[in-house]
Amino acid sequence: MITSLSPTLTEPMLISSMCSISATVAPPSLYSISLIHSPIKQRKAQSLRLRASSASLSIDVDVVTIPKKVLVPIGYGTEEIEAVVLVDVLRRAGADVTLASVEQKLEVEGSSGTKLLADVLISKCSEQVFDLVALPGGMPGAVRLRDCGVLEKIMKRQAEEKRLYGAISMAPAITLLPWGLLTRKKTTGHPAFFGKLPTFWAVKTNIQVSGELTTSRGPGTSFQFALSLANQLFGETTAKSVGELLLLRDGYQNPKIEEVNIIDWSLNHTPRVLMPVANGSEEVEVVTISDVLRRAKVDVTVASVERSLRITASQGTKIVTDKLIGEAAESAYDLILLPGGRAGSERLQKSKFLKKLLKEQQEAGRIYGATNSASTVLHKHGLLKEKRTAVYVSDTDGPASDQMIEGAEVVIDGNVITSLGLATVTNFSLAIVSKLFGHGRARSVSEGLVHEYRGNLKAS
């Protein structure tokens with residue numbers, strides 16, 4: 001990449017579209033060169049020593065990545081699945097993502113009750129330049145975003161300077177339209193708000209890219225939306241690899257939900273669900289399970305096994321839980337569900353309170369389950385004996401392979417439910433809704449999510 005160096009080189013110079021270089025003479029044969037480079041996956045500066053073949057020059061080169069900067073604003077009533085999936089996917093792709101509150105405080109309660117802790121207040125972002133600003137929907141979240149003057153200025157500048165911006169669900173109609181940012185742009189949005197979009201520019205597609213603007217339909221299309229934005233920022237290869245990591249590859253487009261040893265899960269009262277979480281739990285799974293079940297009118301308690309109500313999930317999202325596990329352990333629950341995340345699962349396994357709760361759950365014949373690597377917690381506590389499972393495919397410490405049902409993303413065996421997790425967690429959550437309330441309730445919830453749920457359970 002460096003073909004020649006002049007002994008008098010003292011000013012910054014551009015040597016490629018990706019790099020800039022500056023040099024100072026000290027002494028005449030030694031050059032200190034600072035190089036700025038922006039490939040995706042390198043997060044830290046790397047130092048290299050190169051020797052030019054045409055002269056005795058010792059060159060120190062510092063390669064420093066400048067990650068793409070992304071802003072995701074949130075407000076009271078923001079759709080938490082949409083916000084968290086955006087943050088999770090784009091961070092996995094290599095973006096520097098800022099979650100900013102448009103409220104007067106960092107803690108923001110989402111539309112289904114999950115409390116997120118933003119990184120900064122939106123005022124801290126007013127003078128920054130972002131490669132992408134992406135708006136989640138939700139009500140009244142989209143209205144709170146619309147009424148934020150600082151965010152309006154940021155978005156209008158983003159559009160004027162032809163940098164990427166996007167919106168999902170209610171945000172295109174409720175937030176971008178009043179700001180005049182949909183003019184002559186093909187746009188999609190949530191079906192319930194589709195009629196508010198400009199008639200001749202509205203399109204019924206899950207993803208619509210129109211110049212710098214990308215729009216999408218709802219929580220059920222959040223992964224597609226986020227991966228489309230990742231593709232525009234980083235390229236198809238990166239977007240594809242992130243999609244595969246999230247289990248969005250072709251083999252999972254037609255979900256396989258299997259049930260063995262069928263029993264009735266229906267109750268004569270509002271189901272009570274406990275979801276224990278820890279630092280390192282998968283935020284997509286935590287938020288999706290609680291959001292979907294709450295939409296179905298399930299009483300969900302998210303409990304921290306840490307010493308604080310606040311946990312930091314696997315991709316850096318900060319979640320404020322409802323209770324500490326010690327307080328939660330004073331009650332009984334119809335279901336206990338463990339979200340995945342390898343680091344989080346290891347911390348869940350160490351909780352004595354949770355171990356006691358799970359043993360009592362099994363002994364009472366009540367329902368329990370896990371997604372992703374959290375199946376290992378159940379396994380190591382002896383709660384998956386003679387149970388068929390759908391274990392996260394890269395987990396070698398979980399149940400024996402003969403327990404797994406090949407190709408299934410969700411498996412129900414009696415009173416135990418397991419899932420591959422990540423992008424399959426919506427079907428896991430809807431399968432629970434279907435078992436508790438019937439397929440009609442699950443289908444109604446899935447329609448609100450704009451998620452195609454083929455949830456007729458297949459008996460093995």
Side-chain angles (χ1 to χ4, degrees), residues 244-249 251-265 273-276 278 281-282 285 288-289 333-351 354-436 454-460:
E244 290 177 349
L245 179 66
L246 293 166
L247 303 180
L248 280 164
R249 54 188 181 270
Y252 296 98
Q253 295 308 304
N254 295 307
K256 186 179 177 183
I257 302 174
E258 298 224 20
E259 184 171 18
V260 298
N261 301 316
I262 299 172
I263 64 172
D264 183 16
W265 285 18
V273 171
L274 174 67
M275 181 161 50
S281 291
E282 285 286 358
E285 297 176 10
T288 301
I289 294 169
Y333 300 89
D334 299 299
L335 293 86
I336 298 178
L337 302 172
L338 310 185
R342 187 167 294 277
S345 298
E346 290 172 356
R347 299 184 73 83
L348 292 180
Q349 186 185 329
K350 294 176 182 177
S351 170
L354 178 56
K355 181 179 180 180
K356 180 174 180 290
L357 279 167
L358 286 169
K359 289 289 187 182
E360 291 173 350
Q361 197 79 357
Q362 181 193 39
E363 290 168 1
R366 294 192 295 264
I367 305 159
Y368 56 93
T371 66
N372 196 299
S373 54
S375 61
T376 61
V377 179
L378 300 180
H379 174 64
K380 290 178 179 180
H381 288 326
L383 302 179
L384 291 181
K385 291 179 180 178
E386 300 180 357
K387 293 291 185 181
R388 304 301 301 275
T389 61
V391 180
Y392 183 47
V393 290
S394 70
D395 189 345
T396 57
D397 299 323
S401 59
D402 60 357
Q403 288 183 253
M404 305 176 202
I405 295 182
E406 185 74 24
E409 65 176 46
V410 178
V411 173
I412 303 170
D413 186 344
N415 63 337
V416 177
I417 181 168
T418 53
S419 166
L420 298 178
L422 296 169
T424 73
V425 76
T426 302
N427 286 326
F428 170 81
S429 305
L430 289 169
I432 294 170
V433 174
S434 183
K435 285 291 292 180
L436 290 172
R454 304 182 185 93
N456 293 311
L457 299 176
K458 179 181 177 181
S460 294

Between atom [atom1] of [X] and atom [atom2] of [Y], what is the distance when rounded to the nearest 0.5 Å?
X    : Y    : atom1 : atom2 : value
E363 : L358 : CD    : CG    : 11.0 Å
N427 : K256 : CG    : NZ    : 14.5 Å
N261 : E386 : CG    : CD    : 10.0 Å
K355 : K350 : NZ    : NZ    : 14.0 Å
L422 : E282 : CG    : CD    : 5.0 Å
L354 : L348 : CG    : CG    : 6.0 Å

Check [X] against [Y] and note the closest heavy-atom contact, atom names and distance.
X    : Y    : answer
R347 : A278 : CB-CB, 3.7 Å
A431 : I257 : CB-CG2, 4.4 Å
R366 : N415 : O-ND2, 2.8 Å
W265 : L436 : O-CD2, 3.5 Å
S345 : V377 : O-CG2, 3.4 Å
I432 : L337 : CD1-CD1, 3.6 Å

**Asked** What residue among T371, T389, D413 forms side chain to side chain contact (heavy atoms under 4.5 Å, CB included) with T418?
**Response** T389
**Asked** Given L247, which of V425, N372, T424 fulfils the side chain to side chain contact (heavy atoms under 4.5 Å, CB included) condition?
**Response** T424
Ignoring hydrogens and geometry, is there a side-chain-to-backbone donor-acceptor pair from [X] to [Y] under 3.5 Å?
X    : Y    : answer
E259 : I412 : no
Q361 : I367 : yes
K359 : H381 : yes
Y368 : L383 : yes

**Request:** Go through the steps for I336 and Q362 under the test side chain to side chain contact (heavy atoms under 4.5 Å, CB included), then give the verdict.
**Result:** CA-CA 10 Å; I336 298 178; Q362 181 193 39; over 6 Å; no
**Prompt:** Does the distance from a Lys or Arg side-chain N to an Asp or Glu carboxylate O, for R342 and E346, drop under 4.0 Å?
**Reply:** no
**salt_bridge(R388, E258) N-O dist < 4.0 Å** = no
**Item:** Chi angles and distances behind the side chain to side chain contact (heavy atoms under 4.5 Å, CB included) call for V273, I289
**Value:** CA-CA 10 Å; V273 171; I289 294 169; 5.7 Å; no
**Message:** As a quick check of understanding, evaluate side chain to side chain contact (heavy atoms under 4.5 Å, CB included) for M275 and L338, giving each step before the final call.
**Reply:** CA-CA 6 Å; M275 181 161 50; L338 310 185; over 6 Å; no
